[in-house]
Number of protein chains: 2
Amino acid sequence: MADNRKPPTMADIARIAGVSLMTVSRAFKPDSLISRETRETVLTTAENIGYVFDSTASNFRSQKSDFVAVTIPAISSPNFADTIGGLADRLASRGLQILLGYTNYHMQDEERLIEQFLRRKPQAIVVTGGRHTERARKLLQNAHMPVIETWDSPSEPIGNYVGFSNAGAVRQMVDHFVAVGYRRIAFIGGDVGRDTRGSDRRMGFVAAMAAHGLDASRLIAAGPPPISALEGAAAMARLLEAYPDTEAVICVSDQSAFGALTECQRRGLTPPTDIGVGGFGNFEIGAVSNPRLTTIDPSSRLIGERTAALILDILDGRPGDNVEIAPALIVRESSR
Amino acid sequence: MADNRKPPTMADIARIAGVSLMTVSRAFKPDSLISRETRETVLTTAENIGYVFDSTASNFRSQKSDFVAVTIPAISSPNFADTIGGLADRLASRGLQILLGYTNYHMQDEERLIEQFLRRKPQAIVVTGGRHTERARKLLQNAHMPVIETWDSPSEPIGNYVGFSNAGAVRQMVDHFVAVGYRRIAFIGGDVGRDTRGSDRRMGFVAAMAAHGLDASRLIAAGPPPISALEGAAAMARLLEAYPDTEAVICVSDQSAFGALTECQRRGLTPPTDIGVGGFGNFEIGAVSNPRLTTIDPSSRLIGERTAALILDILDGRPGDNVEIAPALIVRESSR
DNA sequence: GGGGCTCCTGTTAACGGTATCATCGGGGCT
DNA sequence: AGCCCCGATGATACCGTTAACAGGAGCCCC
């Protein structure tokens, strides 16, 4: 309990416990060769003098950290939070810690984050999406560590990926809408060029409409992503003014879909008969809204878990296979 | 571009650029004593050979990291996400990086996280709430670094705090409800003993009701925190079965309040006349629901910004003052 | 009795930066 | 001229842990 100037080190423990420094070090590694009682003596001594293990020194000497670096667009999105949760839980069992950063949906910020993270020599790096700045791509390629892209199914992956085609997911929704009879269908999303997953969904919408021989020009850009429920509502208002005969709307997220829904109701339009509404993400809000929202479930948590498994596979020298997640269309009362 | 076995170090740069190792080191510190052109030579060389700065070695030698450790109950809560956002943005300007962990509303998990984080020798540690395990308190007290508790106004702070009285915030809501005429008021929260901020709000409810001479026995525990909208709806159903004459309900969060609201509407009760509903947190959902939710705005982002400022004050040797945040009551259409 | 195990412990040398102090050239001042 | 100061650079030691290797004790088996 003595409060000296310097915090105690393993050398102090060694001296007090009457063993060598190396023995102290071994006492802190769970699977190392050391007798039960020696370990107990060491750990007790450590506890007594208030020793705190120095991860920095450990990482430095062994030339590898116990970090896995992860970048996501926004902390506050429930989807990405679920992914992080699955990832963190699975990695924790191996003593790996998440180093989390968010990009604000800016590739430039992502590049900066990646650069910062690489300085820590993480065991692996996980990024969201398959599009990055030129420099970021180069950094990742030269990083000499597992690189996992998530939430997308990139045509030219840097390393591995765990994700799905955002365009394909929206196609499912369009197919459903067309099948139940909607024809004049619109799309509400964020501004193009920032949120690449949102852009992909928009492109998927256009392609799917074209495949059905339908007009795909009803596109509303609601501002920089992520677009909120309020922005979704405002976009819905603009949509109905521009195209009053719109029969259905597909939104880039459940958040915005919920906003669009409330705007419809404010105007006396009752889903699903007056208008069909679809979202994306399977957020809780879509399950409690009235009517509940038709949506796409991207299996956010599963993405995280599979990413963790993939990382562990690669680190253990097993082959790391890309994972194609199959997003599920969930039909609820907001569409026929 | 040569892809040797070992990644290049400062020594390699020094050799190639024809300067000493120490000069290379200085070239990477922004405010160090080095001529403009020497620095440029060094940095260019570094870029050419694909050098990546080793933060671990740097932190190790200088015996201080550029981390600030932060624990929050859950990643997915918009409130904590905003706090993290404010904190991270302000700290980034000083090159400090957030080391984030979540406790799942478990003090035990928090203790484990704190122990893990302290091994990294962060510059400061930020925890959510003012209640911790005995051991966690001790660890923090002995940590020899700034310790900030947030989202609470602890009676016995470990170090400093940036927060508010959760009980006091709820008192404002009760006062408002009573002032506009509600009397038989209930409270919906999570199970007691886990989420201490939620428990504090519940206690604040009971105390405030007592102060008005009103009965405070209508307390519904809706499960382990955080309680979702669906759980809020279920709790509302139970509440109305147990106490059909309830005039108003205060919920521990906007999420649960929104669920409660939908359950009321499902039963044909129209706020604010048939029943009053209040939430907590000023989430977006309360601003887009119909009717919009009366709530408390805890200034989540401000908490993060003030926490960052407090940390920088202390690190710079300035006096660090505790910050009392004043949560604002926002009256909307869900209450009279 | 000796060779070859296994199990445990110790010795030594790093890992890649930075703190610290020394050195050196040149300009301004007395 | 002599002195000091200042900006720029270099030499060296060292941060706390672990990799790698070297024993030594005890045991089994031929």
Side-chain angles (χ1 to χ4, degrees), chain A residues 4-43 45-46 49-67 95 116 118-123 144, chain B residues 4-43 45-46 49-67 95 116 118-123 144:
Chain A
N4 300 324
R5 293 297 117 206
K6 291 284 160 201
T9 70
M10 284 190 181
D12 298 314
I13 302 176
R15 200 167 10 78
I16 297 171
V19 296
S20 77
L21 176 55
M22 201 53 224
T23 299
V24 177
S25 175
R26 280 194 267 257
F28 282 92
K29 304 284 135 200
D31 51 352
S32 53
L33 225 53
I34 184 172
S35 77
R36 167 180 300 278
E37 52 179 32
T38 307
R39 163 173 284 139
E40 267 170 24
T41 310
V42 169
L43 294 184
T45 308
I49 66 175
Y51 171 74
V52 177
F53 184 89
D54 188 335
S55 292
T56 307
S58 171
N59 288 344
F60 170 58
R61 166 59 219 198
S62 62
Q63 288 296 84
K64 56 158 134 169
S65 73
D66 39 11
F67 283 127
Q116 235 176 73
L118 290 181
R119 299 199 225 280
R120 308 257 176 218
K121 308 213 185 302
Q123 294 276 70
H144 294 297
Chain B
N4 301 324
R5 294 298 115 203
K6 292 284 158 201
T9 70
M10 284 190 180
D12 297 315
I13 301 176
R15 199 162 17 74
I16 297 170
V19 296
S20 76
L21 175 57
M22 201 52 225
T23 299
V24 176
S25 175
R26 281 192 265 259
F28 282 92
K29 304 283 136 199
D31 51 352
S32 52
L33 223 55
I34 183 173
S35 76
R36 166 181 300 278
E37 53 179 33
T38 306
R39 164 171 286 139
E40 267 170 25
T41 309
V42 169
L43 293 184
T45 308
I49 67 175
Y51 171 73
V52 177
F53 185 89
D54 187 334
S55 293
T56 308
S58 171
N59 288 344
F60 170 56
R61 167 58 212 191
S62 62
Q63 289 295 87
K64 57 157 129 168
S65 73
D66 40 11
F67 282 127
Q116 233 175 75
L118 290 181
R119 299 199 224 280
R120 309 251 176 223
K121 309 213 184 303
Q123 294 276 71
H144 295 298

Open item on the list: Just to be sure I understand the rule, does A/Thr38 reach a base, reach only the sugar-phosphate, or reach nothing, if contact means heavy atoms closer than 4.0 Å?
Closed with: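 Answer is sugar-phosphate: A/Thr38 comes under 4.0 Å of backbone atoms only.
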
Tell me: [atom1] of [X] to [atom2] of [N], nearest whole Å?
| X | N | atom1 | atom2 | value |
| --- | --- | --- | --- | --- |
| B/Lys64 | C/dG17 | NZ | P | 18 Å |
| A/Phe53 | D/dT17 | CZ | P | 7 Å |
| A/Arg39 | C/dC7 | CZ | P | 15 Å |
| B/Asp66 | C/dG17 | CG | P | 14 Å |
| B/Lys6 | C/dC15 | NZ | P | 9 Å |
| A/Arg119 | C/dG16 | CZ | P | 17 Å |
| B/Leu33 | D/dC5 | CG | P | 17 Å |
| B/Glu37 | D/dT9 | CD | C1' | 13 Å |

Going by heavy atoms in the side chains, are [X] and [Y] under 4.5 Å from each other?
| X | Y | result |
| --- | --- | --- |
| B/Phe28 | B/Leu43 | yes |
| B/Lys121 | B/Lys64 | no |
| A/Pro7 | B/His144 | no |

TODO: Could you list the residues that satisfy side-chain contact (heavy atoms from CB on, under 4.5 Å) with A/Thr45, not counting sequence neighbours?
DONE: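 Residues passing side-chain contact (heavy atoms from CB on, under 4.5 Å) with A/Thr45: A/Ile13, A/Ile16, A/Ala17, A/Thr41.
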
Task: Annotated protein contacts, base or backbone, on nucleotides 10-15 of chain D with a non-hydrogen cut-off under 4.0 Å, one of B, S, - each - done: BB--BB

Excluding sequence neighbours, so at least two apart, what forms side-chain hydrogen bond (donor to acceptor under 3.5 Å, both in side chains) with [X]?
| X | answer |
| --- | --- |
| A/Arg120 | B/Asp66 |
| B/Gln116 | A/Gln97 |
| A/Ser35 | A/Thr38 |

- [ ] Check whether any side-chain nitrogen or oxygen of A/Tyr51 sits under 4.0 Å from OP1 or OP2 of D/dG16, and answer yes or no.
- [x]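 Looking at the OP1 and OP2 atoms of D/dG16, neither is under 4.0 Å from any side-chain N or O of A/Tyr51.
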
- [ ] Report yes if at least one side-chain N or O of B/Ser25 is closer than 4.0 Å to OP1 or OP2 of C/dG16; otherwise report no.
- [x]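 Answer is no, no contact under 4.0 Å.
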
Open item on the list: Report for the helix from C/dG1-D/dC30 to C/dT30-D/dA1: angle between first-end and last-end helix axes, five pairs each, rounded to 10 degrees.
Closed with: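 Comparing the first five pairs with the last five, the axes sit 40° apart.
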
Task: Side-chain donor/acceptor of B/Asn59 to backbone N/O of B/Thr56, under 3.5 Å - done: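 Checked: no pair found.
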
Task: Donor-acceptor side-chain pairing of B/Ser55 and B/Ser58 below 3.5 angstrom - done: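 Looking only at side-chain atoms, B/Ser58 and B/Ser55 do not form any donor-acceptor pair under 3.5 Å.
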
